[in-house]
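What follows is one structure encoded as structure tokens, with my remarks underneath.
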Amino acid sequence: MTAYNPPIKDMLFAIHELSGIDQVLQIEKFADFDTEVVDQVVAEAGKFAAEVLSPINIPGDQAGSQIVDGGVVAAPGFAAAYGQFSENGWSSLEASPEYDGMGMPSIVAAAATESWQAACLSFSLGPMLTGSAIHAIETHAADAVRARYLPKLTSGEWSGTMNLTEPQAGSDLSIVATKAIRDGDHYRISGTKIFITWGDQEFTENVIHLVLARLPDAPSGVRGLSLFIVPKFLINDDGSIGKRNDVSVVGIEHKLGIHASPTCVMSFGENEGAVGFLLGEENTGLTGMFTMMNHARIQVGIQGLGISERAYQLARSYALERKQGRTVGAKGSVTIVHHPDVRRMLLLMKSQIEAMRALAYYTAGVVDFSRHSPDEQQRANAASRNALLTPVLKAWATETAQEVTSLGVQIHGGMGFVEETGAAQHMRDARILTIYEGTTGIQALDFVGRKILADDGKAIRELIAEMRTLDDELNGDERLTEIRTALSEGVDHLSAATDWLIEQAPGDPDAAGSASVNMLMLAGTVIGGWQTARAALAITAGASSDDAAFAAAKITTAQFYAQHILPRARGLHAAATAGSHVLMALPEESF
Ligand SMILES: Cc1cc2nc3c(=O)[nH]c(=O)nc-3n(C[C@H](O)[C@H](O)[C@H](O)COP(=O)(O)OP(=O)(O)OC[C@H]3O[C@@H](n4cnc5c(N)ncnc54)[C@H](O)[C@@H]3O)c2cc1C
């Protein structure tokens, strides 16, 4: 069993060479930070992940969380780890200094998040959602409301949750039925929410639920949703904890993975109605919830990266130790890393992890520009790039995590299928990632609908044009020749599929839906190739020249991606543009 070891060198390479950190650090808001601070914070976050979170991962999986006396009791070690997490100030990394946050760039938070998610997904999911709640409150609440909630959430004394899902309303939020009734300066909320992550626990003083509900006179559909802050304990005027609100946890789910993360059935308003406070305006709740969800979607993409890295580390150490089979010229059995097929699997893992990491940190850099650049045009451009990349990072990285964690099991042979190696837990834990925060199908509809068709392909064509500019730079060094060709072909496929979609969608209502997931996976595959090519280019330009083995491995990894992953673009293009006819041909009873 291998403990998690944060790949600090790879992380810092992706930060310094691929994320845009140098330009981000020039933004006034980040004037207090320099590259030394960035490196230190990434290293310390990794150390915390390895020393405090990694050890609770397997015990947490085995024990799970429990309901005791109407409240959730977390798995052994989780409360203590949370105490240390908050004391170290990790809850406040990205939060605004105005509310006691450290105000660090999202790029730094992304790297720290990678370590924490890799070390223990079940634990890190809680602070992740608190971070998303902080972002939603900061963006949409009035000053007094911010002052009331943000310092306590930022310090980690309180936690935050996201309450959308109901038994009949999962992907389709237009049928959310939880009710909100006006009652003086607040509202009374009643209804049942299911699948609420970390809906309760015993180690924070308060739990702040962000709840989607509907007023009686609201329009139907998503336009009639409002967003409410519903604290577990009401807060007195002086900020102290008041009486218990009418909200309770009525059950937790038994599930495939992330056993230590309580997935709660929440009941609001069983008695007099839970007191809720409006966040934003009435009937604009989806806007606020999208602020929270888009933040969380990027984080879930990073969860895909983190769990993949952990699965890779375990598989790599097994491949370096396990002896089986012979190779020509070797005396006796060799370790399985000698076999070409095991190397293929390890490189499928490693190369896609590097692509995911680069995309995740790059996207975090785009977020920093979109929020804090002094230049309005740069903010707008970055916001559009962020909107385009968010569903890609969320869905492509998490789908890729399924492949990577499954390869982790495969490399272990039969030992991967039994629980004691830990490989199976990674695969089980990763399985939720393509489902929550909007399934892959829903991300793909967002990608083709809102992000491509709604702006007539402008944002994606700008990205395609930018990816093409790398072609010239890749010309010259022969180590990059194969990468250049494969990337150029991949970009051609993405471009042609985009043109097809824009042409076909107006005439066929099923065209976008039938192309969507293949389009998104095509985009992820090609953007991943662009990022690994950028990494190889940075090496040929002298990055990491003090470490020849590291530099050579980066080039080989990018070459492998070009040989084994980028050719998938051809198949994805073909499937994306096959049209809806065959897909929609079978009547329901023929399935
Ligand atoms: C462990 C766990 C934690 C969770 N945490 C939270 C949380 O903290 N807060 C919260 O509010 N929710 C949470 N959820 C709920 C989660 O977000 C939903 O499960 C998810 O959005 C999917 O909804 P559903 O389960 O109702 O599936 P459905 O919406 O019923 O989807 C079933 C299938 O149909 C597909 N589908 C549905 N509609 C369409 C469409 N229009 N076009 C194409 N395909 C479609 C989906 O892609 C999926 O494959 C959690 C769920 C789990 C399991």
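Note that ligands are numbered from 1 as they come in the structure, with each ligand's atoms numbered from 1 the same way. None of the values given here were measured: they were computed from a predicted structure.
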(request) Answer with yes or no whether Glu437 contacts ligand 1, where contact means a heavy atom under 4.0 Å from a ligand atom. (result) yes
(request) Might you check, step by step, whether the distance between atom 30 (O) of ligand 1 and some protein heavy atom is under 4.0 Å? (result) no
(message) What I want to find out is whether Lys394 reaches Asp446 closely enough, with some N-O distance under 4.0 Å, to be called a salt bridge.
(response) no
(request) Identify, for atom 6 (C) of ligand 1, the protein heavy atom at the shortest distance, and state residue, atom and that distance. (result) Phe195 O, 2.6 Å
(message) Protein heavy atoms near atom 8 (O) of ligand 1, is at least one of them under 4.0 angstrom away?
(response) yes
(request) Looking only at protein heavy atoms, identify the closest one to atom 11 (O) of ligand 1 and say how far it is in Å. (result) Leu164 N, 2.8 Å
(request) Please check atom 49 (O) of ligand 1 for a protein heavy-atom neighbour under 4.0 Å. (result) no
(request) Name the option, out of Thr434, Ile442, Ile258, that contains the heavy atom nearest to atom 40 (C) of ligand 1. (result) Ile442
(request) Kindly indicate, with the supporting measurements, whether the criterion side-chain hydrogen bond (donor to acceptor under 3.5 Å, both in side chains) is fulfilled by Gln313 and Glu309. (result) CA-CA 6 Å; Gln313 290 186 14; Glu309 170 66 34; 2.8 Å; yes
(request) List every atom of ligand 1 that sits less than 4.0 Å from any heavy atom of Met162, numbering the atoms from 1 in the order shown and giving each element. (result) 7 (C), 8 (O), 9 (N), 10 (C), 11 (O)
(message) I want to confirm something. Looking only at heavy atoms, which of Gly170, Gly199, Ser261, Ser171 is nearest to atom 28 (P) of ligand 1?
(response) Ser171
(request) Please report which non-hydrogen protein atom sits nearest to atom 43 (C) of ligand 1, along with the residue it belongs to and the distance in Å to one decimal place. (result) Leu445 CD1, 4.0 Å
(request) Pull out every atom of ligand 1 sitting under 4.0 Å from any heavy atom of Ile432, numbered as shown with elements. (result) 1 (C), 2 (C), 52 (C), 53 (C)
(message) Looking at Arg146 and Glu138, is any side-chain nitrogen of the basic one under 4.0 Å from a carboxylate oxygen of the acidic one?
(response) no
(message) As a check for students: among Thr165, Asn163, Thr197, identify the option with a heavy atom nearest to atom 5 (N) of ligand 1.
(response) Thr197
(request) Using protein heavy atoms only, decide if any is under 4.0 Å from atom 34 (O) of ligand 1. (result) no
(message) So for ligand 1, is Ile196 a polar contact partner (N or O within less than 3.5 Å, distance only)?
(response) no
(request) Kindly indicate whether a cation-pi arrangement holds for Arg244 with Phe233, taking the cut-offs as under 6.0 Å to the six-membered ring centre and within 45° of the axis. (result) yes
(request) Could you tell me whether Glu403 and Arg568 have a side-chain N and a carboxylate O separated by less than 4.0 Å? (result) yes
Residues 189-196 side chain polar contacts: donor-acceptor under 3.5 Å, at least two apart:
unit_1, atom_1, unit_2, atom_2, d
Lys193, NZ, Leu164, O, 3.0
Lys193, NZ, Glu166, OE2, 2.9
Lys193, NZ, Leu212, O, 2.9

(message) Can you confirm if the aromatic rings of Phe228 and Tyr187 lie within a centre distance of less than 6.0 Å?
(response) yes
(message) Looking at Glu419 and Arg428, is there a salt bridge between them, counting it only when a charged N and a carboxylate O are closer than 4.0 Å?
(response) yes
(request) Would you mind checking if Arg450 and Asp455 are paired as a salt bridge, meaning a charged N to carboxylate O distance below 4.0 Å? (result) no
(message) If we ignore hydrogens and angles and just use 3.5 Å, is the side chain of Asn245 paired with the main-chain N or O of Ala274 as donor and acceptor?
(response) no
(request) Pick, from Thr439, Ile435, Leu125, the option with the minimum heavy-atom distance to atom 47 (O) of ligand 1. (result) Thr439
